Student: 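What follows is a single structure, and I will ask about it in a moment.
The structure presented is a predicted model; accordingly, all values stated were derived computationally and were not measured. Chain letters run A, B, ... following the sequence lines, proteins first, then strands; residues in each count from 1.
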Amino acid sequence: MAQATAVVNDAAMASFKSDFLRVLSERGYIHQGTDLDGLDAAATAGRVTAYVGYDCTANSLHIGNLISIMMLRWLQKTGHQPIALMGGGTTKIGDPSGKDETRQLLGEAEIAANMASIKRSFANFLSFGSAPTDAIVANNADWLDELKYIPLLRDVGRHFSVNRMLTMDSVRLRLERDQPLSFLEFNYMILQAYDFVELAKRHGCVLQMGGSDQWGNIVMGVELGRRVADLSLFGLTTPLMTTASGAKMGKTAQGAIWLNPDRLSPYDYWQFWRNTEDADVGRFLRLYTELALDEIARLEKLDGAEINEAKKILATEATKLCHGEAAAREAAATAQRTFEQGAAGEGLPSIEVARAELDKRPAVYALLHRAGLVSSNAEARRLMQQGGARVNDVVVTDQAATVGPADLTANGYIKLSAGRKRHALVRAV
RNA sequence: GGAGGGGUGGCCGAGCGGUCAAUGGCAGCAGACUGUAAAUCUGCCCUCUUCGGAGUUCGAAGGUUCGAAUCCUUCCCCCUCCA
């Protein structure tokens, strides 16, 4: 996939004239671009409209999407216009990029529900309205659903070489591994290319951004634009995000790190960033916060335990962008009370238990399960056996243990812990 | 249409009539050590459990057998080669 000539090198990055590309390159967002000098010139000359496409396969975006959202944010902050494209149409097809297997097809209703839920995340990162740089949310179902097969083949299909399509990573990797690739999925890149051209026509969009796995799809769009409409379009991709120890970003105890607060609480979101590996602190501060670069340079030089200060700043700043200032402060305060003072922060995730039920002394393992700290009663028992379960900070290894009203602290709750880091409160109501 | 190969727990991948809730690796969880880090070591890793056990798993449905992930039948899906 990597075409050596397109990969950015330091010398090229240093010479960007536009604020947009200079910020992006300085902060480490750029992996490859199709014609970075041309794009730099366009962004210097005037307002550029750019888009990123988002799948609607889940009801929330996750931190894997965050890097591209931050690019849209910087785009807007440097005087240009962002478009968040919802893949209402393409989600019906399924992007084969980076997938070994055909993914399950989602129904129309589910896609619509996911889209509505995802849209809410953008409100925190981008500003919407009617100003020239205000963000637009588009849905490719608006045009893809209307397509007619024969006209599509004649107008668009003739510009695609199957020989070329077979060399695309998304296709080639499947074929090499003997994994199935349906004709449906094979068409995905054509539709994504079509999207780009459509957005160019509708909104004057000239740039598509995305993860490095989107390079092939993006290049297809750039070429289609040139062939069908003599458009001069650009593409930009971000590096693949992994942690310093090589793990894929964003997996944790309970799954992905979601951006929607109803899937992952702001407190847990804050915790995710707080637990960043030392080696990633500088890179993450540049990518996921808007702190000044010289400040970041200072923070990432902190040694040993001192770098924890930088991690707290990272956590609070990142949470601020996603969930707002108040939620970020509350998460930070809760963490401080919980970890530094050994008390129970009021802001910890909590569940409510009826007073009458508490009188009947529910089992500790059951409460651990209900609080979401473990995914089954059996797992709760295991946790207890291994000495990882605590009630009000006291280790409980007896599986038969129960709690009652007497265990409520002066503040009116029982604190449950699974391991050193995960806590929840049980409140009696 | 013909011939062959295959579908195993979150993923990869052994098993090919009993000792199989199923080797191993990855991912994950806990404990120790630490700095809510990394690395390392140890334990855990289907569900329920009155901790004695019980119940459901090896593409689906039937069958053979005292007993099946393992054998047979039908069906579904995937791959390779031939037409």
Student: Figure out the CD/P separation between A:Gln271 and B:A37, and round it to whole Å.
Tutor: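 A:Gln271 atom CD is separated from B:A37 atom P by 10 Å.
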Student: Has A:Asn275 got a side-chain atom pairing as donor or acceptor with A:Gln271's backbone, closer than 3.5 angstrom?
Tutor: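 Side chain of A:Asn275 to backbone of A:Gln271: a pair is present.
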Student: In whole Å, I'd like the distance from the CD1 atom of A:Ile257 to the P atom of B:G28.
Tutor: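 Atom-to-atom, A:Ile257 to B:G28, this comes out as 12 Å.
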Student: How far, in whole Å, is B:C44 from B:U80 if one measures between their C1' atoms?
Tutor: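 The answer is 41 Å between these two C1' atoms.
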Student: Run the ring-ring contact (aromatic ring centres under 6.0 Å, His included) test against A:Tyr51 and tell me which residues pass, sequence neighbours left out.
Tutor: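 Once residues adjacent in sequence are excluded, the partners of A:Tyr51 under the ring-ring contact (aromatic ring centres under 6.0 Å, His included) criterion are A:Phe196.
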Student: Looking at residues at least two apart in the chain, or sitting in another chain, which of them share a side-chain contact (heavy atoms from CB on, under 4.5 Å) with A:Glu346?
Tutor: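 Expected list: A:Arg337, A:Asn411, A:Tyr413, A:Arg427.
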Student: Rounded to the Å, how far apart are A:Asp280 CG and B:A39 P?
Tutor: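 So the two atoms are 11 Å apart, to the nearest Å.
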Student: Return each pair, listed once, that meets ring-ring contact (aromatic ring centres under 6.0 Å, His included) where at least one residue sits in residues 325-370 of chain A; pairs must be two or more places apart or across chains.
Tutor: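 Output for this query lists A:Phe339-A:His423.
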Student: Within the sub-3.5 Å range, which N or O atoms of nucleotides 30-32 of chain B have a protein N or O partner, and how far apart are they?
Tutor:
unit_1: B:A30; atom_1: OP1; unit_2: A:Arg422; atom_2: NH1; d: 2.9
unit_1: B:A30; atom_1: O2'; unit_2: A:Gln386; atom_2: O; d: 3.4

Student: Do A:Tyr269 and A:Trp258 pair up side chain to side chain, a donor and an acceptor below 3.5 Å, judged on atom types alone?
Tutor: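 Their side chains do not contain a donor-acceptor pair, so the 3.5 Å distance test is not met.
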Student: When the P atoms of B:C33 and B:U19 are considered, how many whole Å apart are they?
Tutor: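 My reading of the P atoms in B:C33 and B:U19 gives 41 Å.
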Student: Which whole number of Å gives the distance between the P atom of B:G31 and that of B:C78?
Tutor: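 The same atom, P, in both gives a distance of 46 Å.
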Student: Taking atom C1' in both B:U50 and B:A54, compute the distance separating them and give it to the nearest angstrom.
Tutor: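 Straight-line distance between the two C1' atoms is 12 Å.
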Student: For a quick check of understanding: with a heavy-atom distance under 4.0 Å over all strands, which category does A:Thr338 fall into, base, sugar-phosphate or nothing?
Tutor: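 No contact.
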Student: For the pair made of CD in A:Glu277 and P in B:A39, what is the distance, rounded to whole Å?
Tutor: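 Whole-Å distance recorded here is 6 Å.
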Student: Is A:Glu340 side chain donor-acceptor paired with the B:U36 base, going by distance under 3.5 Å alone?
Tutor: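 No, no donor-acceptor pair under 3.5 Å.
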Student: Without hydrogens or angle criteria, can the side chains of A:Gln192 and A:Asp195 be said to hold a donor-acceptor pair below 3.5 Å?
Tutor: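 Absent: no donor and acceptor within the cut-off.
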Student: Both distances below 3.5 Å, Watson-Crick or wobble geometry, any strand: find the nucleotide opposite B:U42.
Tutor: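 With both distances under 3.5 Å, B:U42 matches B:A30.
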Student: Distance between the P atoms of B:A83 and B:C66, in whole angstroms?
Tutor: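 Approximately 49 Å lies between the P atom of B:A83 and that of B:C66.
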Student: Among A:Ile414, A:Val364, A:Thr402, A:Val394, which residue satisfies the side chain to side chain contact (heavy atoms under 4.5 Å, CB included) criterion with A:Asp407?
Tutor: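 It is A:Ile414, the one option of A:Ile414, A:Val364, A:Thr402, A:Val394 that forms the side chain to side chain contact (heavy atoms under 4.5 Å, CB included) with A:Asp407.
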Student: Consider only side-chain N and O atoms of A:Thr319 and A:Trp273, and report whether a donor and an acceptor are under 3.5 Å apart.
Tutor: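 No, A:Trp273 and A:Thr319 have no side-chain donor paired with an acceptor closer than 3.5 Å.
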Student: Just the atom pairs and distances: protein N or O near nucleotides 47-51 of chain B's N or O, under 3.5 Å.
Tutor:
unit_1: B:U47; atom_1: OP1; unit_2: A:Ser376; atom_2: OG; d: 2.9
unit_1: B:U47; atom_1: OP2; unit_2: A:Arg382; atom_2: NH2; d: 2.5
unit_1: B:C48; atom_1: OP1; unit_2: A:Asn377; atom_2: N; d: 3.2
unit_1: B:C48; atom_1: OP2; unit_2: A:Asn377; atom_2: N; d: 3.3
unit_1: B:C48; atom_1: OP2; unit_2: A:Ala378; atom_2: N; d: 2.7
unit_1: B:U49; atom_1: OP1; unit_2: A:Tyr365; atom_2: OH; d: 3.4
unit_1: B:U49; atom_1: OP2; unit_2: A:Asn377; atom_2: ND2; d: 3.4
unit_1: B:U49; atom_1: OP2; unit_2: A:Arg381; atom_2: NH2; d: 2.9
unit_1: B:U49; atom_1: O5'; unit_2: A:Arg381; atom_2: NH2; d: 3.2
unit_1: B:U50; atom_1: OP2; unit_2: A:Arg381; atom_2: NH1; d: 3.3
unit_1: B:U50; atom_1: OP2; unit_2: A:Arg381; atom_2: NH2; d: 3.4
unit_1: B:C51; atom_1: N4; unit_2: A:Arg381; atom_2: NH1; d: 2.1
unit_1: B:C51; atom_1: N4; unit_2: A:Gln399; atom_2: OE1; d: 3.0

Student: What are the atom names and distances for every N/O pair under 3.5 Å that joins the protein to nucleotides 56-58 of chain B?
Tutor:
none

Student: Does B:G1 have a Watson-Crick or wobble partner in any strand here, with both distances under 3.5 angstrom, and which is it?
Tutor: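 B:C82 is the nucleotide pairing with B:G1.
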Student: Taking only the P atom of each, what is the distance from B:C48 to B:U34 in whole angstrom?
Tutor: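 Per the computed distance, 35 Å lies between those P atoms.
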Student: For the P atoms, the ones on B:C41 and on B:C26, what distance do you get once it is rounded to whole angstrom?
Tutor: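 About 11 Å, rounded to a whole number of Å.
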Student: Using the purine O4'-C1'-N9-C4 or pyrimidine O4'-C1'-N1-C2 torsion, is B:G18 syn (within 90° of 0) or anti?
Tutor: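 With its glycosidic angle more than 90° from zero, B:G18 counts as anti.
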Student: Can you find a heavy atom in the side chain of A:Lys320 that is under 4.5 Å from one in the side chain of A:Glu317?
Tutor: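 Side chain of A:Lys320 against side chain of A:Glu317, heavy atoms only: contact under 4.5 Å found.
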Student: Once you apply the 3.5 Å cut-off to both distances, tell me the Watson-Crick or G-U wobble partner of B:A68, or none.
Tutor: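 Checking every strand shown, B:A68 finds no partner, since no pair has both distances under 3.5 Å.
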Student: Quick one, A:Leu233 with A:Leu224, criterion side chain to side chain contact (heavy atoms under 4.5 Å, CB included). Give me CA distance, side-chain angles, the key distance, then yes/no.
Tutor: CA-CA 9 Å; A:Leu233 304 177; A:Leu224 183 66; over 6 Å; no
Student: Just the rounded figure in Å: distance from C1' of B:A37 to CZ of A:Arg283.
Tutor: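 Going from A:Arg283 (CZ) to B:A37 (C1'), I get 15 Å.
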Student: For A:Asp268 and A:Lys421, what are the C-alpha separation, side-chain angles and deciding distance, and is it a salt bridge (charged side-chain N to carboxylate O under 4.0 Å, His left out)?
Tutor: CA-CA 10 Å; A:Asp268 286 322; A:Lys421 293 193 236 174; over 6 Å; no
Student: Please give me the minimum heavy-atom distance between A:Glu300 and A:Gly282, naming the atom from each residue.
Tutor: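 Smallest interatomic distance, heavy atoms only, reads OE1-CA, 3.1 Å.
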Student: Round to a whole Å and report the spacing from CG of A:Asn308 to P of B:U36.
Tutor: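 In whole Å, B:U36 P lies 6 Å from A:Asn308 CG.
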Student: Can you confirm whether A:Asp303 is buried at CG, in the sense that more than 12 heavy atoms of other residues, nucleotides or ligands lie under 6.0 Å from that atom?
Tutor: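 Not buried by this count: 12 neighbours or fewer within 6.0 Å.
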Student: Determine the interatomic distance between P on B:G59 and the same-named atom on B:G13; round to the nearest Å.
Tutor: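 Rounded to whole Å, the distance is 14 Å.
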Student: In whole angstroms, how far is the C1' atom of B:U34 from the CD1 atom of A:Ile307?
Tutor: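 One finds 15 Å between C1' of B:U34 and CD1 of A:Ile307, rounded.
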